[in-house]
Amino acid sequence: MASTKTGIEWTDKTWNPTTGCNKVSPGCKHCYAEEITRRFKGTFPNGFTFTIHEERLQQPRTWKKPSRIFVNSMSDLFHEQMPLSYLERIFEVMADCPQHVFQVLTKRAERLSEIAPYLDWPDNVWMGVSVETQKYAYRIDHLREVDAKVRFLSCEPLLGPLELDLTGIHWVITGGESGKNHRPIDENWVRSIRDQCLESKVAFFHKQWGGSTPKKNGRMLDGRSWDEMPAVYRELLTDEELNAI
Ligand code: SF4
């Protein structure tokens, strides 16, 4: 699984210059990345152990078609074992590929805010943190310190109601958990986040309700899908592409 097209609704493809991770909070309980390493042992001989893949570092330079790229879907870019020198090289590649938007998502918000001042943040790098319950809303405070053009939240798997301070946040994604042992989501939790986004003029994207499979319960909320993207991204699109969203 060097790079893949992905079924994730808010991105086009994935890039994994590292793989492997370990669990840090309840959102990790049924980590799909860990499950994939278990299922495809041949592709992941190190299993879910944090592993650097130098051979993948330059991949985005070879992808000519402008894409939204989810960085490290199989790991966490701010993992404790990620060396600063390798992280700097990853940021160099992203800066050198302005044709792409790079979407980085972490649960390690403390390490993000420690390291962020030492990195250059080109406009095409969007930075997000996961917030699955109110207990982890403090990650947003760390994110706010980061000088990224787009700062976003992934509230997936959403495991409880959230009251969010959306100051300095440009985009919020919600989603329910999927799989055999998925934990339930309450429609009102999502509705409340949607309303908070509307109030704060923050783009809102509801990915899916989850269930035994990701698409099982669809993604409609109050009679429509919610596919908003940050304003900065909409500015990059042609009218035709905008109509297709
Ligand atoms: S931080 Fe992400 S990749 Fe790492 S264990 Fe948790 S869910 Fe999985």
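Residue numbers run from 1 in the order of the sequence given. Given the structure is predicted, the values throughout are model-derived calculations rather than measurements. Atoms within each ligand, like the ligands themselves, are counted from 1 in listed order.
- Counting backbone and side-chain atoms alike, C31 contributes an N/O/S atom closer than 2.8 Å to atom 8 (Fe) of ligand 1.
- Here M74 has no heavy atoms under 4.0 Å from ligand 1, in either its backbone or its side chain.
- Closest of all the heavy-atom pairs between D76 and T106 is OD1-OG1, 2.6 Å.
- Using a 4.0 angstrom heavy-atom cutoff, H79 does not count as in contact with ligand 1.
- The residue among V24, T106, N22 with a heavy atom at the shortest distance from atom 5 (S) of ligand 1 is N22.
- For atom 6 (Fe) of ligand 1, the closest heavy atom belonging to the protein is C28 SG, 2.3 Å.
- Annotation: cation-pi geometry not satisfied between K216 and W209 (NZ/CZ under 6.0 angstrom from ring centroid, within 45° of ring axis).
- Checked against a 6.0 Å centroid threshold, the rings of W121 and F91 count as neighbours.
- Within the 4.0 Å heavy-atom criterion, the part of S75 lying near ligand 1 is the backbone and not the side chain.
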Using the rule given for side-chain contact (heavy atoms from CB on, under 4.5 Å), can you reason through I169 versus R144, listing the C-alpha separation, both sets of side-chain angles and the distance that settles it, and then say yes or no? CA-CA 7 Å; I169 302 302; R144 256 188 284 277; 4.2 Å; yes
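- In this structure, R224 forms a cation-pi arrangement with W226, its terminal cationic atom sitting closer than 6.0 Å to the ring centre and no more than 45° off the ring axis.
- For atom 4 (Fe) of ligand 1, the nearest non-hydrogen atom of the protein is C21 SG, 2.3 Å.
- Ring planes of W171 and F152: tilted class, angle from 30 to 60°.
- At a cut-off of 3.5 Å, with distance as the only test, no side-chain donor of H100 or D12 sits close to an acceptor on the other residue.
- For atom 1 (S) of ligand 1, the candidate residues are R108, H30, E34; the nearest heavy-atom contact is made by R108.
- Of the listed residues (E132, K29, K107), the one carrying the non-hydrogen atom nearest atom 2 (Fe) of ligand 1 is K107.
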